[in-house]
Structures are given as C-alpha cells and as structure tokens.
Amino acid sequence: MATLEIHDLHVSVEADNGPQEILRGVNLTVKQGETHAIMGPNGSGKSTLAYSLAGHPKYTVTGGTVTLDGENVLEMSVDERARAGVFLAMQYPVEVPGVSVSNFLRTSATAIRGEAPKLRLWVKEVKAAMERLSIDPVFAERNVNEGFSGGEKKRHEILQLELLRPKIAVLDETDSGLDVDALRVVSDGVNRVRESGEVGTLLITHYTRILRYIKPDFVHVFAHGRIAESGGAELADKLENEGYEAYVKGGATS
Ligand SMILES: Nc1ncnc2c1ncn2[C@@H]1O[C@H](COP(=O)(O)OP(=O)(O)O)[C@@H](O)[C@H]1O
Ligand SMILES: [Mg+2]
C-alpha cells in the first residue's frame, strides 16, 4: 500500500527581506485509502506544505524528509513526482493560455500512464467524468482555467483528479469560493476517487464546511508551520466551536 511519509520537514520561502522559515518541522504519514484533513488559520503554512510536496521551485526544503513508498520525493522533479503519483489541486489554479482542457488532460494522462490513452476510450472517459462533475462539454475546447469562475476552476481540478488517479492527492482549499451546489459536486468527485481505496487524501481546508461531505479519518490542526494537534473527526467539531485562537496564541511567532 502506498505511503507518504513526511518527517521533520522544514521549508523556507525567498521573501523580499531574505529567506523566511515557514514550515518548522512537519511530521505526517498518509496511507492509501486514508483521508487527512489539515486545518488551520490563514498564513499557518498549509499551502506551503502543498507546494513543497509538489516541488514548487520557490520553496526551499532546509531540513527533513519526504518519501513515497520509501522513495525520496524531495529528489524528484515536479513531473517525476506527478508520475510517482503525487497530485496537487491548487488553491489558486493557474490559467494556461493556448492549451485546451482536452489537450491538457490527454497530455497529463499520457505522461502519468506512460502511454497515450486510446483516443476513443479516452474521449468517453473524459465525457463521463465531465458529466459527473456537471462540467459543460464546451469546456473541453476552452483554454485551461482562462476566464473560468472560481467554482469552474475547482471542478476542473477535480476532473484532473478523477482522470489521473494519483496515489496521494493534496487538495488545497478545494472548497473555497464554492456555493453549496458546487461544493456537493466537488465533494462527490473527491468521494468517488476515495471510494476506490487507491488514494490517500490530504484535504487542506480553513473551514469545517467541506467535512460535512467528505468525512476525514484524521484531523490535524496546523499552526505556525507545524502540526499542533491531531485527532479524529471530532477535532473538527471542536474547531468549529472554538476556532483557531488557542493555536494562534500558543505557538512561536516569526
Ligand atoms: N512566495 C511567498 N513569498 C513570501 N511569503 C510567502 C510566500 N509563500 C508563503 N509565504 C508566507 O508564508 C506564510 C504561510 O503562507 P501559506 O502557506 O500560504 O499559508 P496558508 O495556506 O496556511 O494560509 C505566510 O506568512 C505567507 O505570507
Ligand atoms: Mg493556503
């Protein structure tokens, strides 16, 4: 079974006034089939963790290890990570002018599966996935994320998730900016992928709202660049009632 292991991860970002340490010793193990919610206040480093796992060049790992099935993820390039089965749904998906959704998906699937999917089957597969996510078929010919609304971008991220079937899915604030209907569609998509039992999910969220639809096995509170507390789904209820104040006050400041 695939396992992502993050051990004592320290990450700095190059800011205008020099390097700033953002992650200060993250420890987390995510196994295939498990769903971990990472919750925490704004600025606590949740997106930094997501980007660091995906290999964003702006984030420098200054200590610790990340392995997927014992393989050193930190030594892999961004596309090697994707091929190894690490998937990131970004908090702010980027526009890719000149590249259609259809081309983008097929190119990604080809890279990850190691061969181009048979065209006829692929067209069917994409069509069905788009239907399940209530994405209008015309989106296939639109440029990736260009002029998409917030909700359309998030649906497109989940479309990739469904088609690429990663081992570890990092979903960064996939719920932000969604109305209730879109939230349900997106959550259903995540749940379909989870039900396969083949994906370990890192569900990063600021709000407990999405946890009504996607039930986490574990909840972790992120504060000041590390996990301040871990528990089961009941921890999310506590956060719903009490907020993050105790964690914000408690930790070190930068
Ligand atoms: N590229 C960057 N340049 C400068 N500061 C950054 C950059 N990325 C993140 N930070 C800082 O790191 C901290 C954590 O940010 P982030 O990981 O986005 O938090 P979260 O996702 O939990 O809201 C914030 O103080 C943020 O300003
Ligand atoms: Mg964030």
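Side chains included, hydrogens not; waters and symmetry mates left out as well; all remaining heavy atoms used. In each ligand, atom 1 is the first atom listed, and ligand 1 is the first ligand listed.
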J.: When you draw lines from the Mg ion (ligand 2) to OG of Ser47 and to OE1 of Gln91, what angle lies between them, to the nearest 10°?
T.: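 Vertex at the Mg ion (ligand 2): approximately 80°.
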
J.: Give a yes/no verdict on a cation-pi contact between Arg209 and Tyr207, requiring under 6.0 Å between NZ or CZ and the six-membered ring centre and an angle within 45° of the axis.
T.: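 Ring-cation test returns no.
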
J.: Measure and list all N/O to N/O distances between ligand 1 and the protein that fall under 3.5 angstrom.
T.:
unit_1   : atom_1 : unit_2 : atom_2 : d
ligand 1 : 8 (N)  : Tyr59  : OH     : 3.0
ligand 1 : 17 (O) : Ser47  : N      : 3.4
ligand 1 : 17 (O) : Thr48  : N      : 2.8
ligand 1 : 17 (O) : Thr48  : OG1    : 2.6
ligand 1 : 19 (O) : Gly45  : N      : 3.2
ligand 1 : 21 (O) : Ser47  : N      : 2.9
ligand 1 : 21 (O) : Ser47  : OG     : 3.0
ligand 1 : 22 (O) : Ser44  : N      : 3.2
ligand 1 : 22 (O) : Ser44  : OG     : 3.4
ligand 1 : 22 (O) : Gly45  : N      : 3.1
ligand 1 : 22 (O) : Lys46  : N      : 2.9
ligand 1 : 22 (O) : Lys46  : NZ     : 2.9
ligand 1 : 23 (O) : Gly43  : N      : 2.7

J.: Centres of the Tyr247 and His224 rings: under 6.0 Å?
T.: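 Aromatic pair excluded; centres sit 6.0 Å or further apart.
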
J.: Give me the ring orientation class for Tyr59 and His56: parallel if the planes are under 30° apart, tilted from 30 to 60°, perpendicular past 60°.
T.: perpendicular

J.: Would you call Glu162 and Arg155 a salt bridge, using N to O less than 4.0 angstrom?
T.: no

J.: Using 4.0 Å as the upper bound for N to carboxylate O, is an ion pair formed by Asp188 and Arg192?
T.: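 Salt bridge absent between Arg192 and Asp188.
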
J.: Parallel, tilted or perpendicular: which describes the rings of His220 and His36, with under 30° parallel and over 60° perpendicular?
T.: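 If you compare the ring of His220 with that of His36, the planes turn out parallel.
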
